Amino acid sequence: MKRKYIIPMCIISFILVITVFLSLLFLNYVQNLIKETTSKNLGEIAKQDASRLENVIQEHVRILETIVNQAKQEGIKQEEVLFKIFNNNSGKEEFSRIGILHKDGNTVTNDGINVDLSEDVEYFFSTDTVQISKSRVSKINQEEINIYSQKLSIENQEIVVLLVIETDKYEEMFSQKIYNGNAREYLITSSGEILANSKGEKNGENIYAELEKVNKEQEKNKNYIREMQDSISKKIDGQIVYKYQGQNLYIAYENMEEENWVLVVITQGNIIAEELNHLLQIILVISIIILIIVFVVTTYIILSNISKKESLYRLAYVDPVTKLGNYNYFVEKGKEYLERKTQDNKYVIVVDIDKFKAFNNRYGHKIGDKLLSKIGNILKLILPEETLICRLANDLFALVVITDKRAEKIANLIDESLTNIQIDNIEYKIYISIGIYEVKENNDNIIELVDKALVAHKMVKGNYSIRYNVFEQKEEEKELKEHEIERTMEKALENQEFKIYYQPKISIKNEKILGAESLVRWEKEGKIIPPNEFIPIFEKNYFIIELDKYVFEETCKDIAKWKKEYKEVPLISVNVSKENFINPEFIEEYIKIAKKYNIRPEEIELEITERGAVKENINIINKIKKAGFIVSIDDFGTGYSSLSLLQDLTIDIIKIDREFIKQINFKDKSKNIVEYIILMAKKLNLKTVAEGVEKKEEVEYLKELGCDLIQGYYYFKPLTKLEFEEILIKTDK
Ligand code: C2E
Ligand code: MG
Ligand code: MG
C-alpha cells in the first residue's frame, strides 16, 4: 500500500479500535453494575427471608414450649389432655399433628394413629431443650416433614412432645416471586444438609456436594463453593458469583441465629437485567457491525478519492511520455526548491535537444518518445537524488540541481551522458544544448529563472562546439533589447523612423567624391540606434528584406532628386544582406523600384557582404551583375570567399574590411594583407575601396599600393542627407 494511504487508514482504524474498546468498557461497566446490584439485592432477600423464617421458627418453638410448660406446671401426662392443650393453642394450624413419644418408641398422635419411632428415641430424648429435626418422611402419610420436639419429665416419667410440621410450610415462606421465580431458596444446616427448598426438590441431600457435582469440571467454581462452605462454618454471611453454563450464578447465604441453620438463595441473576444486558450486547454487536461497515465504506470512499485525486494529479502534473513532472509540477515544486536552505550551489538548468524535430521525422515519434523518456532516466541516474527533473515542453527539460559542484562540471556530466543514447539496442547520437542559471539568494520566481536559463541556452543552441552557457546579466539585457527591437521594428518602418545617411567615398588620386554608401540609422524616440544593433537581428528574423528594400527605394528617391539638381551624382552604393537571396523575386523587385525613379541599374552599386558571396549564391550574384547593377563585395577578407570563387563571380569592386586597415604595420609593410588584396584585385581587374580609413599615413600607404577609393572618417563620417547635399552643392560648382 502506498504511504499516503497509510495515514487516513491508521486514523480510521484508530477511531474504530477506540470505539470498540470504549463499547467493551461500557459493556463491562454495565455488566458489573448488574452483578453488583444483583448481589446486593440477593443479599437483601436472603437477609429478609432468613429473618422471616427465624421469626416463624421462633413462633413454632414458642408454641411447643407453651404446651410443654403448661403440661409441666399442671403435671399433665395423659395424652388426651396434651392433645387438648394443643387444640386450644391458636398456633396449632401451623402443624399437621401433635405426637407423644414414649421411651419404647411408641408414638401416639392426636389423630389416633400409633407410629413406631424406636430408632429415633435416642435423638429425641437426648436433650431438654427444643430440637428441630431434619427433614424426614412421615411414616403416616409419606409427606416430607420436620419435627419440633421437647422432652417432658413428670414424676420420673419422660415423654417427648412432637409437633409435626410439613416441610412445605417453610417452603411457603420463601420469596417465591423473586427474579420472576428464577431464584431457588434453600434452608440448610451449617454442614450443608438441605432442610427445605423452594422448588420442591428432594431435601436431605448435601448442598455443597450437589453444587460440586454440577461443577465437576470447573475447579475455579469448586473453589468458590468451598469458600462459601468455609464462611458458613465460621457463621459468616456472604455471596459468591461464578460463571455457570455461560451465565453468572449468584449465591447468597445468611446464617440464622438459631439451630445453625442457613438460608441460601441461588439465582442465575436478575433476568430482566440479564436480558437488558443481552440486549445491550446485541445493540453493541450491531453498532460494531455498523461501525465496521462505515469503516469499510469510508475507507473505500477515501481510497477511491485518493486514486481519483491521483489520476487528476497525474493529468495535471505528470508528463505522460517521460513520467517526469510537467511544467505545472516544475513551477509548483520549483518554488519549494528555491526556498530550501543549503550551503551548496543551486542551479536552474534547461536541457534542449538540438534538431529534435528532425530526429522525430527521421526515426518516427515512437523512437522520439523513447528518446525523451531515456533522457529523463539518464538525468535521474546521473544527477544528485534530490534534483528536480521535469519536461517543460517538447524537447526541453528543466532541472533544479543542488550540488557542491561547479556549474561547468554538471553541464559536462549531462552533455557526456546524453551524447550516445541506446534505444532498443541501437545507438543514437544526439546533440544537446544546456542553459544554466546560478540561483542567488534573493531569487524566488522559478519561471523567471527558467527564462534566464533559456536566455543562456539561446546563446549556444545549435552551436556544436559549445554545449552549455551560464547565464550572465549582459546576455539577458541583450536579449531584452533584441526583444524590444523585434517588437517595434514594423511600426518603425511604417513611421519612417529609419533614416538614410551617406558616407562619401573619395578617389585616392584626386580626392574627388566618386561615390557614397547609403547607411541606415534608426531614430527611435530621439536617439539614434546604430545599424550593428539591429541589422543582425533583422537578418535573423528576415525583416532585413523589408528594410533593405526600403533603404534601396529611399536611396533611389534621393538619387533621382540629385540627378535633377546636380550635374554629377556620385555612384551610390546600397547594402544588400544575403537574406534577400531567398526571395526569388529579389532582382526583379529592385529593378522595378529603380525604374520607378528613372534610374538605370548601372547608376547604383549593390554591396554584398563577403559572407553572402558564397558558392550557393554565385548564380544570384551573377544575375545581379547581369541586370546591370554595379556589384561590390563588402567587408572583404572577413568571410570565407576563396580565390576560385572570386574568379567565378562577376563583380566590380572589392571593399577591404576596416580590420585590415587597422592592422597595417607601417614598420614592416611586407606583412600587410591589404597589399595582397589590392594586388589580387588588380589581377582580377576589380576596383578597391578601403573602409575605415582614419589616418593620413593610412591614406598615403593605400595610395602607394594603388587603392582606388577611400571610405573613412579621415574624410567623412556618414552624413545626413542634408549634410551630404551640402557637399554635393560644393563639388558641383
Ligand atoms: P558596412 O557596409 O561595412 O559599412 C561601413 C561601416 O563602417 C559603417 O558603419 C560606417 O559608419 C563604418 N565606418 C566608415 N568609416 C569608418 C572609420 O573610419 N572608422 C570606423 N570605426 N568606422 C567607419 P555603420 O553605418 O555602423 O554600419 C555598420 C554595418 O551595418 C554596415 O557595414 C553594413 O553591413 C550594415 N548596414 C548599414 N546599413 C545597412 C542597410 O541599409 N542594409 C544592410 N543590409 N546592412 C546595412
Ligand atoms: Mg557596406
Ligand atoms: Mg563594410
Side-chain angles (χ1 to χ4, degrees), residues 485 489 492-493 496-506 513 515-523 528-558 571-583 586 590 593 604-613 624 629-639 641 651-664 674 677 688-699 702 707 709-721 723-724:
I485 285 173
M489 60 188 186
L493 191 62
Q496 302 191 315
E497 288 175 23
F498 293 103
K499 304 284 183 231
I500 316 293
Y501 279 56
Y502 294 97
Q503 188 179 30
K505 297 175 195 171
I506 312 299
I513 298 171
E517 179 174 3
S518 150
L519 294 160
V520 72
R521 302 283 181 269
W522 184 349
E523 282 182 17
I528 293 176
I529 310 172
N532 53 2
E533 281 188 20
F534 57 87
I535 298 283
I537 301 165
F538 292 177
E539 285 180 342
K540 257 193 267 170
N541 65 22
Y542 292 93
F543 186 66
I544 193 70
I545 298 176
E546 296 292 310
L547 183 68
D548 277 357
K549 216 186 327 183
Y550 174 79
V551 172
F552 182 75
E553 179 150 6
E554 290 301 299
T555 308
C556 285
K557 249 190 236 171
D558 287 345
L571 177 65
I572 309 291
S573 64
V574 180
N575 289 287
V576 172
S577 282
K578 64 177 193 307
E579 281 68 29
N580 285 287
F581 301 163
I582 61 155
N583 174 13
F586 155 69
Y590 271 53
I593 293 167
I604 297 188
E605 176 187 334
L606 295 183
E607 293 189 14
I608 295 150
T609 50
E610 198 196 10
R611 256 179 276 268
I624 297 170
F629 291 106
I630 311 290
V631 178
S632 55
I633 299 292
D634 200 357
D635 305 335
F636 189 84
T638 56
S641 65
I651 54 164
D652 305 285
I653 300 162
I654 282 177
K655 294 192 76 184
I656 304 161
D657 194 76
R658 68 168 180 268
E659 279 305 304
F660 297 108
I661 309 301
K662 255 198 230 162
Q663 286 164 15
I664 293 173
V674 64
I677 297 175
T688 46
V689 179
E691 285 185 308
V693 179
E694 292 178 352
K695 296 173 198 149
K696 196 174 178 200
E697 52 182 341
E698 290 167 351
V699 179
L702 287 164
C707 177
L709 293 166
I710 301 277
Q711 180 184 348
Y713 293 176
Y714 180 74
Y715 291 109
F716 295 102
K717 283 196 172 179
L719 307 170
T720 60
K721 188 179 157 189
E723 289 169 338
F724 184 61

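Ligands are counted one by one from 1 in listed order, and the atoms in each one are counted from 1 as well. Computed from a predicted structure; not experimentally measured.
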Checklist entry - Centre of Tyr713's six-membered ring, under 6.0 Å away, within 45 degrees of the axis: is that where NZ or CZ of Lys717 sits? => result yes
Checklist entry - Going by chain and residue number, what protein N/O/S atoms come nearer than 2.8 Å to the Mg ion (ligand 2)? => result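 Metal shell, protein only: Glu517 OE2, Asn575 OD1, Glu607 OE1, Asp634 OD2.
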Item to check | Residue that, paired with Ser573, satisfies side chain to side chain donor-acceptor pair (under 3.5 Å) out of Lys505, Glu517, Lys655 | outcome: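 The single option meeting the side chain to side chain donor-acceptor pair (under 3.5 Å) with Ser573 is Lys505.
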Item to check | Residue list, ring-ring contact (aromatic ring centres under 6.0 Å, His included) with Phe534, at least two apart or on another chain | outcome: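 Here the qualifying residues are Phe498, Trp522, Phe538.
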Item to check | Single hit among Leu709, Ile656, Asp634, Ile710 for side-chain contact (heavy atoms from CB on, under 4.5 Å) with Glu691 | outcome: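 Of the listed options, the one satisfying the test is Asp634.
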Checklist entry - ligand 1: which residues have a non-hydrogen atom closer than 4.0 Å? => result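 If the criterion is a heavy atom under 4.0 Å, then ligand 1 touches Gln503, Glu517, Leu519, Val520, Arg521, Pro531, Ile535, Ile544, Asp548, Val551, Asn575, Ser577, Glu607, Asp634, Asp635, Arg658, Glu691, Gly692, Val693, Glu694, Gln711, Gly712, Tyr713, Pro718.
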Judged by atom type as modelled, is there a donor-acceptor pair below 3.5 Å linking the side chain of [X] to the main-chain atoms of [Y]?
X      : Y      : result
Asn580 : Ser577 : yes
Gln711 : Ala516 : no
Glu698 : Val693 : no

Checklist entry - Mind checking what makes salt bridge (Lys or Arg N to Asp or Glu O under 4.0 Å) contact with Lys662, not counting sequence neighbours? => result Glu659
Next on the checklist: For the NZ atom on Lys695, are there more than 12 heavy atoms of other groups (residues, nucleotides or ligands in this structure) within a distance under 6.0 Å?
Outcome noted: no
